[in-house]
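The structure appears right after this line, and notes come after that.
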Amino acid sequence: MLNPVKVSNTSSEKQNVLLSEIDRLNEQLSLRFKSKFVVQPSLSRLLVSFQANKTRPVYRWYKFKEAFSAALVEYLFHKYKIVSGRILDPFAGSGTALFVASTMGMDADGIELLPIGHEIMSVKRILDAEFTPEDFERLRWWMESKIWNQSETRLPLPELRITQGAYPEKTKESIERYLGACQQENARVQAVLRFALLCILESISFTRKDGQYLRWDHRSGRTQGKKIFDKGDILDFDRAICAKINEILSDVSSVHQARLFPVEKLQGNIRLYDGSCLRILPELPDGIYDAIMTSPPYCNRYDYTRTYALELALLGIDKQGLLRLRQEMLSCTVENRTKDLLSINPRWTTALAAADEQKLLQSILTYLEDQKARKALNNNGIPRMVRGYFYEMACVIAECARVLKPGARLFMVNDNVRYAGASISVDVILSDIAETLGFSVEHILVLPDGKGNSSQQMGEHGRESLRKCVYVWRK
C-alpha cells in the first residue's frame, strides 16, 4: 500500500514565519516606546490635516491636501513653549509652519521641491509686503468686469500628456482668455491672478485628486473602470475665479494697510530654499535652529507629480521637468528609483548604518522581497520604495539632528502603513533610528482615531486601524 503524498505548503509557511517575526519585533519595539505613546484627545484628523485650514483666512486659499493645519502648529508651539528663535521645515509644502512661526515673531526657513509650494508662499508674501492700494483695485475690477470675456488675446494653456482634456472646452477657452488678459497687468497683479487660477483648477476640471493619482470624471470621455466616477459639480469658470479673487480680497485686511497678519505681532523673516531637502540640508550650518516642524511625504505610494499635474503644467513644468521632480522627491512612490545617497553626502554612513541595523525594518524588507519573488505584490516597486523611504529618512533625521541646537525639539506628523498584510510601524522604526542619530524620544502623540487600510487592502485585511502620530523628539 502506497503512503499518501504529503502536500508541502512551504511557501505559505514561510510567509507566516516572516509575518510572525515582524509581529514579534514590532511588539518588542512598541513595548520599548510604550511610555512615550500618549493618546492626545485634542488631536484630530481635522487638526492634523488641511481640513482645519478650509475656513481659516489666508490658509484656505489653496487646497494643499497633504498639509497640516495652522492650528496644529500653534498647538504644538504653545504646548512645548516654542516662542522665539528660528525654525525649519524641511518639507515645507504650502508653508503653513513658516507662516505660523512668522506671525509668532520667529524667523522660519523652509525647503520645498515642488514649485506649487513656492508659488503659494511667493504670492502670500507679495500680498503682505508689496501690493499697493492700486493693485487691490485692479483685482476688484477684474472680479467685477470679468475682463477676460472681452479679451481678444488667448494664451495657450500649458499641458502635459496626463492633463490633456482635463477641462470642458468652454472652460479651457476661458482659461486661455484669462491668461491672455493677465499680460496687461503689472508683475504683482499678474502673480496674484495666476495664483487665483491655480487655486481653482481642480474644481473647474474633470479631475479629482485621489491619493496616488488623478481620478477622471466620466464626462471627460476617458475610459472608465468597472465603477463609473462622477465627481459632482464641475464649477463654471467665471463663478469659480470671481469667488476665489473675492476670497483673497476679503481675507486681506485693509485695516492694516493690506498686511496679511496683524501689525501688532512681530513678523519673523521667511526664507525658502528651492530643491530636495536631501541636497539642501547638508549645506546648512550646524546647530542653528530652535525647532523643526514638518511632515514628510508618507510611505503610501502617493505620487504628487501626478495628483498635482494640473498645477505643475500651469506653472510651466514639462515632461522632463515632471520626471526630474518625481525622482528628486523622497521615495514615496513605486516609480522612485534608488538614490545613491553616499554620492549626495559621503558623511551619511552612520545614518545608513542606523537603517541597516534596524531589525524591524530589515524584517519587513525581507518579507516584501519574498512577496515580490512569489509575485504576490500588486506592484513590484513596493520593496524598493519602502527601502528607499526609510534609508532616505534616516539621512534626513541625521541632518535634522545636526542643524538643531542642543535641547531643541523636532515635531513630525506621519502615518503608519501596511503592505501585503504587513503592518509597518513607521513611528517606532523612525523613532528608533532617531535615537541612534542623536535624538531622544520625548513623546509619540497618537491621534485617538486611527486610519483604516487602503482600498487595495480592505478586502483581505479589513479596516484594521493604523496609528497616525505626531512625533516629538529632542536633541
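All values derive from a computational prediction rather than experimental measurement.
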CG on Leu47 to CG on Leu76, rounded to 0.5 Å: 8.0 Å
Does Tyr298 form a side-chain hydrogen bond (donor to acceptor under 3.5 Å, both in side chains) with Lys468? I'd like the steps, not just the answer. CA-CA 11 Å; Tyr298 301 163; Lys468 185 177 182 73; 2.8 Å; yes
Could you tell me whether the side chain of Arg301 reaches within less than 4.5 Å of the side chain of Val417, counting heavy atoms only? no
With Glu112, which residues qualify under salt bridge (Lys or Arg N to Asp or Glu O under 4.0 Å), at least two apart? none
Sequence neighbours excluded, which residues qualify as ring-ring contact (aromatic ring centres under 6.0 Å, His included) partners of Trp473? Phe439, Tyr471
Does Tyr62 reach the side chain of Glu119, with side-chain heavy atoms less than 4.5 Å apart? no
Does any pair with a residue in residues 303-342 pass ring-ring contact (aromatic ring centres under 6.0 Å, His included), and if so which ones, sequence neighbours excluded? Phe64-Tyr308
Return the CG to CD distance between Leu29 and Glu27, rounded to the nearest 0.5 Å. 11.5 Å
Is there a side-chain contact between Cys332 and Tyr302, using heavy atoms and a 4.5 Å cut-off? no
In short, Ala92 meets Leu272 closest at the heavy-atom pair CB-CD1, 4.2 Å
Reported CG-to-CG distance for the pair Leu72 and Leu43, which is rounded to 0.5 angstrom: 6.5 Å
Closer than 3.5 angstrom, by distance alone: can the side chain of Gln327 be matched with the main-chain N or O of Glu335 as a donor-acceptor pair? yes
For Glu311, is there an ion pair with Lys209 - N to carboxylate O distance below 4.0 angstrom? yes
Stepwise side chain to side chain contact (heavy atoms under 4.5 Å, CB included) test for Asp89 and Met293: CA-CA 5 Å; Asp89 185 348; Met293 174 76 214; 5.6 Å; no
Quick one: closest heavy-atom pair of Ser331 and Lys339, and the distance? OG-NZ, 3.4 Å
Rounded distance [0.5 Å steps], CG in Leu157 versus CG in Leu179: 6.5 Å
Salt bridge (Lys or Arg N to Asp or Glu O under 4.0 Å) partners for Asp286, two or more places apart: Arg402
Would you mind checking if Glu74 and Arg56 are paired as a salt bridge, meaning a charged N to carboxylate O distance below 4.0 Å? yes
Min side-chain heavy-atom separation Leu197-Leu193 under 4.5 Å: no
Gap between atom CD1 of Ile292 and atom CE of Met412 - 0.5 Å precision: 8.5 Å
Regarding Lys36 and Glu435, does a basic nitrogen lie under 4.0 Å from an acidic carboxylate oxygen? no
Run the salt-bridge test on Lys63 and Glu202 with the 4.0 Å N-O cut-off and return the result as yes or no. no
Tell me, do Val252 and Phe131 make a side-chain contact under 4.5 Å, heavy atoms counted? no
Donor-acceptor check, side chain of Asp251 to backbone of Val58, threshold 3.5 angstrom: yes or no? yes
Given 3.5 Å as the limit, does a donor-acceptor pair link the side chain of Thr163 with the main chain of Ala166, or not? no
Heavy-atom donor-acceptor pair, Asp290 side chain to Ile87 backbone, under 3.5 Å: no
Would you say that Arg324 contacts Glu328 through its side chain, given a criterion of any heavy-atom pair below 4.5 Å between the two side chains? yes
Phe411 meets the ring-ring contact (aromatic ring centres under 6.0 Å, His included) criterion, sequence neighbours left out, with Tyr80
Any side-chain heavy atom of Leu310 sitting closer than 4.5 Å to one from Ser205? yes
Spell out, as yes or no, whether a donor-acceptor pair under 3.5 Å connects the side chain of Arg409 to the backbone of Ile82. no
Look at atom CD of Glu130 and say whether more than 12 heavy atoms of other residues, nucleotides or ligands are closer to it than 6.0 Å. yes
Atom of Leu19, atom of Gly421 and distance for their closest heavy-atom approach: CD2-O, 4.1 Å
side-chain hydrogen bond (donor to acceptor under 3.5 Å, both in side chains) assessment of Ser42 paired with Tyr75: CA-CA 9 Å; Ser42 52; Tyr75 169 81; 3.0 Å; yes
Closest non-hydrogen contact found for Ser220 with Gly165 is CB-O, 4.5 Å
For the pair Tyr289 and Leu284, evaluate side chain to side chain contact (heavy atoms under 4.5 Å, CB included) and give the outcome as yes or no after the intermediate values. CA-CA 10 Å; Tyr289 293 108; Leu284 299 178; 3.8 Å; yes
Steps toward side chain to side chain contact (heavy atoms under 4.5 Å, CB included) verdict (Glu66, Ser295): CA-CA 9 Å; Glu66 287 69 34; Ser295 179; over 6 Å; no
Begin from the C-alpha positions of Gln371 and Tyr419 and carry the test side chain to side chain contact (heavy atoms under 4.5 Å, CB included) through to its verdict. CA-CA 10 Å; Gln371 291 289 290; Tyr419 289 107; over 6 Å; no
Looking only at non-hydrogen atoms, find the nearest pair between Pro448 and Gln40 and report the distance. CD-O, 3.4 Å
Strictly distance-based, threshold 3.5 Å: is any side-chain N or O of Ser363 a donor or acceptor partner for the main-chain N or O of Lys359? no
Donor-acceptor contacts, no H, no angles, side chain residues 384-391, under 3.5 Å, sequence neighbours left out:
{"from": "Arg384", "atom 1": "NE", "to": "Asn336", "atom 2": "O", "distance (Å)": "2.9"}
{"from": "Arg384", "atom 1": "NH2", "to": "Val334", "atom 2": "O", "distance (Å)": "2.7"}
{"from": "Tyr389", "atom 1": "OH", "to": "Pro297", "atom 2": "O", "distance (Å)": "2.9"}
{"from": "Tyr389", "atom 1": "OH", "to": "Asn414", "atom 2": "ND2", "distance (Å)": "3.1"}
{"from": "Tyr391", "atom 1": "OH", "to": "Asp356", "atom 2": "OD1", "distance (Å)": "2.5"}
{"from": "Tyr391", "atom 1": "OH", "to": "Gln362", "atom 2": "NE2", "distance (Å)": "3.0"}

Assess whether atom CZ of Arg374 is packed by more than 12 heavy atoms of other residues, nucleotides or ligands within 6.0 Å. yes
In the structure I gave you, are the side-chain heavy atoms of Met393 and Ile433 within less than 4.5 Å of one another anywhere? no
So OG1 of Thr305 and CD1 of Ile317: to nearest 0.5 Å the spacing works out to 10.5 Å
Do you know the tightest heavy-atom contact between Asp415 and Val426? O-CG2, 3.4 Å
Flag the pair Lys244 and Glu247 as a salt bridge only when some basic side-chain nitrogen lies within less than 4.0 angstrom of an acidic carboxylate oxygen. yes
Return yes if some donor-acceptor pair links the side-chain N/O of Lys231 with the main-chain N/O of Phe206 below 3.5 Å, else return no. no
